[in-house]
Asks: 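My questions all concern the structure below.
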Protein chains: 2
Amino acid sequence: MSMGNNYELYKVFYWAAKTGSLSQAAKTLYLTQPSVSHAVKQLEESFGVALFYRNARGVELTQEGAVLFSYIEQSHILITLAEEKMAALKNLESGELRIGGSDSLFKHYLLPYLEHFHEHHPGVKLHLHHGTTPEVITFLKEGRIDLGVVRMPIIDPQLEVKESFQLQDCFVAGARYAELKDAVLSLEELLQHPIILFSRNSRARMTITELFHSYGFSIRPEIEVGSVDLLIEFAKRGLGISYVTREFVSKELEEGALFEVRLNVPLPPSQVGILTKRSMPLSSAAQAFVRLVG
Amino acid sequence: MSMGNNYELYKVFYWAAKTGSLSQAAKTLYLTQPSVSHAVKQLEESFGVALFYRNARGVELTQEGAVLFSYIEQSHILITLAEEKMAALKNLESGELRIGGSDSLFKHYLLPYLEHFHEHHPGVKLHLHHGTTPEVITFLKEGRIDLGVVRMPIIDPQLEVKESFQLQDCFVAGARYAELKDAVLSLEELLQHPIILFSRNSRARMTITELFHSYGFSIRPEIEVGSVDLLIEFAKRGLGISYVTREFVSKELEEGALFEVRLNVPLPPSQVGILTKRSMPLSSAAQAFVRLVG
DNA sequence: TGTTACCCATAGACATGATCTATAGCTCCT
DNA sequence: AGGAGCTATAGATCATGTCTATGGGTAACA
């Protein structure tokens with residue numbers, strides 16, 4: 001029936017054997033000597049075997065005690081390592097952080113945070129999973145990532161959403177459309193020009209399509225691309241007017257390789273949100289990262 | 001300050017992780033679910049890290065919990081093995097028994113016991129250390145053997161002595177001395193013949209020397225040998241009259257290869273004793289062997 | 001869409017069992 | 001002979017582990 005001894009007894013046994021003295025073990029464990037004596041006795045009785053022989057200088061392992069010790073010592077080492085590891089995890093000296101998001105968000109927005117985090121916690125391994133918003137959400141729900149970074153809005157009761165950073169989408173063009181540089185266009189005027197949009201299932205695409213609808217127009221892109229880099233590249237080469245996130249082209253705007261095509265209607269800002277799964281507690285690393293970004 | 005967690009908590013953690021359910025773990029450990037819940041919580045608080053995420057189907061390890069489990073599982077396996085090993089030691093399915101004694105005692109007296117013991121407890125390894133009585137006593141005091149089997153008397157307060165078996169030393173001769181077969185000799189008459197004795201530092205040698213002294217004679221052997229086998233062999237070949245233990249030559253006496261040379265004074269019997277060190281508890285194997293022999 | 005069933009968390013009462021104090025015996029060392 | 005150090009034992013105490021009772025949440029199913 002016994003189902004094994006109380007593991008705590010093995011801790012006492014370990015120190016008694018290690019120090020060769022019940023009194024010493026007691027000091028090490030912040031106990032009194034009779035407690036240790038009693039604990040050892042319990043083990044001995046449970047095994048029906050003497051573990052120590054006692055003499056005036058302390059205790060010494062019997063043959064059987066030495067056998068037990070050879071196991072318990074290993075076990076004790078493992079537990080000690082485990083406790084150290086857990087401390088390391090908590091202190092972010094170890095562990096891993098798995099983040100899901102789009103390539104462009106990683107590249108243009110999260111990169112400095114990731115750098116900063118890695119610099120301060122070099123022991124924490126970073127795993128970046130790129131994917132579309134729905135993919136990120138799936139990863140998150142499956143527990144394959146700790147947190148997701150996506151465009152808002154997300155409405156999912158399973159997910160905890162923390163709004164983090166506001167991005168502003170806008171239309172940009174290159175030198176080919178220089179005549180638009182100082183103009184303020186209406187939506188109708190904009191539609192005269194070839195438009196380059198991100199692929200159909202992106203949030204930005206849905207947002208802009210809806211905006212045009214709300215004004216009674218329908219926006220049909222000339223070119224449809226699958227990466228933000230291509231969006232930028234095509235605009236720079238004059239293939240059309242791209243709908244991009246302004247923060248992602250700040251360099252090109254400064255250098256003059258691109259300019260913003262201003263409209264006479266406001267374009268809605270888009271919020272970046274940090275997603276976590278409600279039922280899943282955050283790892284220390286994830287907590288720290290959320291604090292950093294948020 | 002913590003000095004590590006109560007090891008008992010790790011047992012609970014192990015089963016919670018193993019079964020994926022606090023309720024199941026509780027059943028396994030003959031506890032109630034709240035106890036397990038509480039124990040897990042203590043660990044989580046001590047580490048400052050969530051170990052499980054809870055859902056309607058049970059619990060699942062977090063990243064950190066999985067790390068902890070990888071250590072604790074190993075540790076648990078070791079403790080389980082340790083407990084099994086201790087049971088095996090107690091049941092004499094395992095372990096070792098180290099006996100010290102003279103070759104002749106092993107060969108002529110202990111052998112059947114050793115065979116019997118080995119047959120019944122094949123898992124227990126037998127280590128036989130042969131040596132003289134003082135050597136055996138030293139081994140015993142150094143803890144290098146569990147018990148010693150030697151001729152009595154032994155007077156040593158550190159040692160526990162159990163008298164076991166009585167042996168009778170006697171003089172034997174071979175065909176060459178056939179004329180003595182039915183005679184009853186005096187000590188003086190015996191000394192007319194060449195005597196073969198065991199080497200100087202043996203108990204039998206001291207005993208017989210002392211006996212002759214007490215009758216005013218001095219016994220000086222023609223031949224002095226270092227093994228009982230030689231003692232017998234030399235007697236058989238007619239090199240002299242050997243002083244041997246009767247029980248060790250029972251075969252030769254029966255076969256007629258040797259006969260006993262009777263004396264008109266009684267030769268003292270010699271007692272075999274089983275020695276153990278007082279301060280050292282006997283291993284299960286040693287206990288069993290002592291019971292068998294005693 | 002209720003309903004059931006199973007899971008875990010929490011609060012508070014309780015009792016077991018670990019721990020303590022006090023004491024005695026032993027051995028080694030001076 | 002006396003002291004210092006060790007362990008064993010007995011018995012009192014109290015902390016901590018464990019329980020009961022309860023509530024809330026989620027998944028499965030009708």
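Naming: A, B, ... by sequence-line order, numbering from 1 per chain.
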Asks: Which part of the nucleic acid, if any, lies within reach of A:V59 when heavy atoms closer than 4.0 Å are counted: base, sugar-phosphate only, or nothing?
Replies: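 Result for A:V59 = sugar-phosphate.
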Asks: Measure from CZ on A:F52 to C1' on D:dT7 and round the result to the nearest Å.
Replies: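 It works out to 12 Å between those atoms.
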Asks: For A:L51 and D:dT7, what is the distance between atoms CG and C1' respectively, to the nearest whole Å?
Replies: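 A:L51 atom CG is separated from D:dT7 atom C1' by 15 Å.
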Asks: By the 4.0 Å heavy-atom rule, please label B:T32 as base, sugar-phosphate, or nothing.
Replies: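 Answer is base: heavy atoms of B:T32 come under 4.0 Å of a base.
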Asks: Any chance CD of A:E210 has more than 12 other-residue heavy atoms, nucleotides or ligands included, within less than 6.0 Å?
Replies: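 Atom CD in A:E210 is not crowded, with 12 or fewer foreign heavy atoms closer than 6.0 Å.
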Asks: Applying a 4.0 Å non-hydrogen cut-off, can you work out what B:Q33 is touching in the nucleic acid: base, sugar-phosphate, or nothing?
Replies: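 It contacts base atoms.
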Asks: Looking at side-chain heavy atoms only, is the closest gap between A:L68 and B:K85 below 4.5 Å?
Replies: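 Side-chain contact under 4.5 Å: no.
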Asks: Please check the phosphate of C:dT10 (OP1 and OP2 only) for any side-chain N or O of B:S37 closer than 4.0 Å.
Replies: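 No, outside the criterion.
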Asks: Heavy atoms, side chains only, cut-off 4.5 Å: are A:L128 and A:L114 in contact?
Replies: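 Of all side-chain heavy-atom pairs linking A:L114 with A:L128, at least one is under 4.5 Å.
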Asks: Rounded to whole Å, how long is the line connecting atom CG of A:L22 with atom C1' of D:dT7?
Replies: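 Taking atom C1' of D:dT7 as the reference, CG of A:L22 is at 7 Å.
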Asks: Rounded to the nearest angstrom, tell me the gap between atom CZ in A:R57 and atom P in C:dG25.
Replies: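 The answer, rounded to whole Å, is 23 Å.
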Asks: Could you tell me whether A:Q42 contacts a base, only the sugar-phosphate backbone, or nothing, with contacts defined as non-hydrogen atoms closer than 4.0 Å?
Replies: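 The residue A:Q42 makes sugar-phosphate contact but no base contact.
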Asks: Using the side-chain heavy atoms of A:S35, tell me which of these nucleotides is nearest: C:dT19, D:dC6, D:dA21.
Replies: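 Nearest nucleotide to the side chain: C:dT19.
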Asks: Check the distance between D:dA8's P and A:Y53's OH and give it to me in whole angstrom.
Replies: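 Roughly 15 Å, once rounded to whole Å.
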Asks: Let me know, please, whether A:L31 or B:G58 comes out on the 5' side of the other along DNA chain C by nearest nucleotide.
Replies: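 Nearest nucleotide further toward 5': that of B:G58.
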Asks: Checking contacts here: which listed nucleotide (C:dC7, C:dT10, D:dC6) is nearest the side-chain heavy atoms of B:S21?
Replies: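 It is C:dC7.
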Asks: Ignoring hydrogens and angles, state whether a donor on the side chain of B:Y10 or A:E8 is under 3.5 Å from an acceptor on the partner side chain.
Replies: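 No, A:E8 and B:Y10 have no side-chain donor paired with an acceptor closer than 3.5 Å.
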Asks: Among C:dT10, D:dT9, C:dT27, which nucleotide has an atom closest to any side-chain atom of B:K41?
Replies: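 Between C:dT10, D:dT9, C:dT27, the one nearest the side chain of B:K41 would be C:dT10.
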Asks: What is the distance, to the nearest angstrom, from the NE2 atom on A:H38 to the C1' atom on C:dA18?
Replies: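 To the nearest whole Å, that distance equals 8 Å.
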Asks: Are any of the side-chain nitrogens in A:E83 or A:K11 under 4.0 Å away from the carboxylate oxygens of its partner?
Replies: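 Salt bridge between A:E83 and A:K11, a charged N being under 4.0 Å from a carboxylate O: no.
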Asks: Measure the distance from CG on A:N55 to P on C:dC29 and round it to the nearest whole Å.
Replies: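 About 11 Å, once rounded to whole Å.
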Asks: Figure out the CG/P separation between B:N6 and D:dT16, and round it to whole Å.
Replies: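 Value for this atom pair: 10 Å.
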